[in-house]
Amino acid sequence: MCGITGIFDLHERRPIDREILSRMNDIQRHRGPDGGGIHVEPGIGLAHRRLSIIDLSLGRQPLSNEDGTVWVTYNGEIYNFKELMAELSHRGHVFRTQCDTEVIVHAWEEWGEKCVHHFRGMFAFAIWDRKQETLFLARDRLGIKPLYYALLPNGQLIFGSELKALITHPHLPRQLDSLAVEDYFAFGYIPDPRTIFRYANKLAPGHTLTLRCGASKLEPRQYWDVTLEPQALGSESAIEETLIEKFREAVNIRLVADVPLGAFLSGGVDSSAVVAAMAQLSNDPVRTCSISFSDPAFDEARYAEQVAHRYGTNHHSAQVDQDDFELINRLAGVYDEPYADSSAMPTYRVCELARQRVKVVLSGDGGDELFAGYRRYRWHLHEQRVRGILPLSMRQPLFGILGHYYPKLDWAPRIFRAKTTFQALARDPLEGYFHSVAVIPNELRHRLFSQRMRQELQGYEASQVLRNHARQAPDHPLLQVQYLDLKTYLPGDILTKVDRASMAHGLEVRVPLLDHPFVEWAGGLSPHFKYRSGEGKYVFKRALRPYLSDEILYRRKMGFAVPLAAWFRGPLRERVRTAVTGQILAETGLFEMPILRHLVDQHLSGLRDYSASIWSLLMFDAFLRQAMEGELSCHSVSPVSNVSDRKSVSMAKFS
């Protein structure tokens with residue numbers, strides 16, 4: 001696991017500024033604290049930060065083929081590299097190392113752009129082929145590893161594992177992307193391929209980008225997509241048996257490492273399943289780690305300890321202070337752009353704890369998306385039944401009125417909080433699902449944004465992200481929202497959270513549930529095997545019953561939450577008021593400040609729960625403060641590309 005970066009001249013083979021490339025590389029030192037390397041030749045510069053996991057003495061990058069005409073800088077793990085090494089050796093390729101990096105070089109020589117189809121693992125890499133004058137960028141199928149890129153005004157393309165590597169380059173324009181701002185305040189993160197900066201992009205999961213000298217366009221190409229098409233996979237018992245077999249294989253191939261290895265253990269279904277499989281496949285006790293909370297409403301420690309005891313793991317747990325909000329400013333520097341999933345805070349702490357004992361951990365991420373484990377899927381299916389009874393022409397006026405006039409009872413038991421459900425039923429299925437996942441609903445976002453910001457959007461709404469993906473989604477209501485989450489929430493929120501939090505501590509996280517052959521097999525499951533009788537992950541839980549107790553499998557899902565509402569009315573009260581109603585957000589010109597003040601007043605008084613909205617604003621403010629202080633190497637921040645006639649965020653400090 002590493003950090004990569006590079007500079008490629010699309011116009012001609014001009015000299016690459018080695019000092020700039022070195023700075024871009026060094027700012028990602030946390031991703032690879034074990035060493036760094038740079039390769040520069042006319043028109044191209046590749047750089048790498050290394051976290052040594054396999055073949056510790058060799059495998060330094062950038063790495064080349066025998067004659068130095070093909071170079072690679074690579075972040076990730078190719079789990080089938082030994083099989084590929086044997087196949088490529090049989091085809092005449094000569095290897096100098098026993099690491100997966102060199103496999104990528106020879107796979108490119110043998111198969112060209114189709115090499116990605118042969119890789120099983122998580123990866124983001126760049127290959128430079130001098131003979132073909134070609135730069136090839138690739139990202140793994142599910143988006144476990146990140147890759148950012150930007151085309152500079154001088155005709156150079158820059159790329160890196162994190163956005164901060166690009167921001168370090170002095171010629172990257174730093175204007176904010178208004179569409180990305182809308183996306184952020186809707187989703188709480190910025191979905192691929194946008195970033196917060198207008199001229200920087202993410203390479204989407206399952207995509208490659210081929211660049212040649214003289215090229216004028218950047219055209220990413222999709223090489224893989226998740227397929228959710230029910231197939232005849234056998235009886236229920238046969239499916240359970242196959243599931244366990246394939247899951248164990250996915251875990252087993254991720255146990256290869258030349259350094260200490262462990263697992264996250266929250267006590268939930270997915271992480272417990274991973275630990276159970278590891279324990280059965282390992283000769284030594286599995287090293288597990290978890291964090292606990294002093295508030296029982298958020299604490300899963302006893303469930304983690306139950307699994308640890310059953311499998312005799314070497315378990316370590318630490319309690320996170322419920323007032324652990326000192327991380328707010330630090331997270332802005334970790335994520336480089338606004339990111340509003342508050343579970344990033346405990347995730348950061350559990351990665352910090354794990355790194356004290358191991359260098360690699362396995363996690364259970366992906367299980368909810370793959371096997372329909374989120375509660376929102378259940379509500380979506382309930383709503384779809386109502387939509388199937390009443391046409392939109394009847395639902396829109398009926399539930400629209402109910403949704404408008406029904407009070408927002410944030411303080412009441414869930415059964416009485418029907419306003420959101422009424423609002424969702426007044427919409428079509430896609431808009432209804434978007435409404436259920438939006439951090440800040442459409443109506444409130446429109447009120448929060450200034451008239452100038454609304455003009456910048458020109459009618460764009462973040463729900464368009466889901467509509468774009470829905471064109472390739474299945475028609476079945478459950479499979480459709482699973483597909484949407486696999487394309488947006490999983491890479492944009494979950495995997496981003498874990499990658500940045502883990503790499504901030506030089507920790508590698510492997511994700512067996514997102515092994516692509518396993519994902520492809522699970523994609524063939526009928527919805528009946530994923531959700532049945534109000535229970536998500538139906539067949540997954542059934543298959544795990546010999547290995548985990550019913551208390552672990554069928555307890556209410558808790559999540560990795562933090563008590564934001566209480567924080568904002570208690571120890572963060574003044575910080576919230578200062579940040580959300582203060583000068584920095586005001587000077588962006590993005591917001592209607594009276595609405596922001598009203599929102600804060602309503603929350604602090606206890607009349608409404610606006611904690612998700614306030615957290616989004618607080619993290620946006622933290623991002624801007626980091627930019628102003630230069631900690632993101634940011635020279636200017638403005639809501640639009642033409643800033644000559646409008647205010648920006650303390651422009652005097654940036655220009």
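Positions are given from 1 along the sequence.
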query: Distance only, no hydrogens: is a donor on one side chain within 3.5 Å (strictly under) of an acceptor on the other, for Y339 and D493?
result: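 On atom types as modelled, these side chains qualify, holding a pair under 3.5 Å.
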
task: Consider only side-chain N and O atoms of T208 and R221, and report whether a donor and an acceptor are under 3.5 Å apart.
output: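 No, because no side-chain N or O of T208 sits under 3.5 Å from a partner of the opposite role on R221.
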
Give a yes or no on whether a salt bridge exists between [X] and [Y], defined as a side-chain N under 4.0 angstrom from a carboxylate O.
{"X": "R96", "Y": "E66", "result": "no"}
{"X": "D336", "Y": "R500", "result": "no"}
{"X": "K202", "Y": "E337", "result": "yes"}
{"X": "D225", "Y": "K487", "result": "yes"}

Report the residues that fulfil side-chain hydrogen bond (donor to acceptor under 3.5 Å, both in side chains) with [X], sequence neighbours left out, ordered by chain and then residue number.
{"X": "W615", "value": "none"}
{"X": "S271", "value": "S266"}
{"X": "R194", "value": "D183, Y460"}

For the backbone of [Y] and the side chain of [X], can you confirm whether one donor and one acceptor N or O come within less than 3.5 Å of each other?
{"X": "S161", "Y": "L147", "answer": "no"}
{"X": "R139", "Y": "K145", "answer": "yes"}
{"X": "H207", "Y": "P205", "answer": "yes"}
{"X": "N25", "Y": "H48", "answer": "yes"}
{"X": "S616", "Y": "A612", "answer": "yes"}
{"X": "R510", "Y": "V360", "answer": "no"}
{"X": "R212", "Y": "Q132", "answer": "no"}
{"X": "Y74", "Y": "G76", "answer": "yes"}

- request: I would like to know whether L514 and L490 meet side-chain contact (heavy atoms from CB on, under 4.5 Å); could you show each step before the answer?
  value: CA-CA 10 Å; L514 295 182; L490 179 68; 4.0 Å; yes

- prompt: What salt bridge (Lys or Arg N to Asp or Glu O under 4.0 Å) pairs are there with at least one residue in residues 343-353, not counting sequence neighbours?
  reply: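 Every pair satisfying salt bridge (Lys or Arg N to Asp or Glu O under 4.0 Å) with a residue in residues 343-353: D324-R349, E326-R349, R349-E352.
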
How long is the span from the [atom1] atom in [X] to the [atom2] atom in [Y], to the nearest 0.5 Å?
{"X": "T69", "Y": "E41", "atom1": "OG1", "atom2": "CD", "value": "9.5 Å"}
{"X": "L135", "Y": "Y149", "atom1": "CG", "atom2": "OH", "value": "12.0 Å"}
{"X": "E109", "Y": "N65", "atom1": "CD", "atom2": "CG", "value": "4.5 Å"}
{"X": "L370", "Y": "D515", "atom1": "CG", "atom2": "CG", "value": "10.5 Å"}
{"X": "S502", "Y": "R31", "atom1": "OG", "atom2": "CZ", "value": "7.5 Å"}
{"X": "I291", "Y": "L265", "atom1": "CD1", "atom2": "CG", "value": "12.0 Å"}

Between [X] and [Y], which heavy-atom pair has the shortest distance, and what is it?
{"X": "S290", "Y": "V350", "value": "CA-CG2, 4.1 Å"}
{"X": "M503", "Y": "L507", "value": "SD-O, 3.3 Å"}
{"X": "G364", "Y": "V274", "value": "CA-CG2, 4.1 Å"}

message: Set out, in order, the CA-CA distance, both residues' side-chain angles and the distance that settles side-chain contact (heavy atoms from CB on, under 4.5 Å) for F123 and D100, then state yes or no.
response: CA-CA 11 Å; F123 53 81; D100 54 348; over 6 Å; no

query: Hey, does E102 have a side-chain heavy atom less than 4.5 Å from the side chain of M85?
result: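 A side-chain contact under 4.5 Å is absent here.
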
- prompt: Under a 4.5 Å cut-off applied to non-hydrogen side-chain atoms, are I614 and W567 in contact?
  reply: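 A side-chain contact under 4.5 Å is absent here.
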
- prompt: Picking from K359, R60, R49, what satisfies side chain to side chain donor-acceptor pair (under 3.5 Å) with D34?
  reply: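 So the option named by the test is K359.
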
message: If you apply the rule ring-ring contact (aromatic ring centres under 6.0 Å, His included), what do you find for Y189 with F187, and how did you get there?
response: CA-CA 5 Å; Y189 59 92; F187 293 105; 5.6 Å; yes

message: Please determine whether side-chain contact (heavy atoms from CB on, under 4.5 Å) holds for the pair K497 and Y335, giving the CA-CA distance in whole Å, both sets of side-chain angles, and the decisive distance to 0.1 Å.
response: CA-CA 8 Å; K497 172 178 63 181; Y335 290 91; 3.8 Å; yes

task: Evaluate the criterion side-chain contact (heavy atoms from CB on, under 4.5 Å) for residue pair R50 and T101; output intermediate values, then yes/no.
output: CA-CA 12 Å; R50 189 183 189 205; T101 306; over 6 Å; no

Partner set under side-chain contact (heavy atoms from CB on, under 4.5 Å) for A579, not counting sequence neighbours: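 In terms of side-chain contact (heavy atoms from CB on, under 4.5 Å), with neighbours along the sequence ignored, A579 is linked to L618, D621.
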
- prompt: Once the angle between the rings of F185 and F620 is folded into 0 to 90°, is it parallel (under 30°), tilted (30 to 60°) or perpendicular (over 60°)?
  reply: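 Rings of F185 and F620: tilted, 30 to 60°.
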
query: Got a sec, which pairs hit ring pair (Phe, Tyr, Trp, His ring centres under 6.0 Å) with one end in residues 484-513, sequence neighbours left out?
result: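 Sorted pair list: Y348-H505, Y374-Y489.
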
- request: For the pair E113 and T210, evaluate side chain to side chain donor-acceptor pair (under 3.5 Å) and give the outcome as yes or no after the intermediate values.
  value: CA-CA 8 Å; E113 295 180 14; T210 303; 3.0 Å; yes

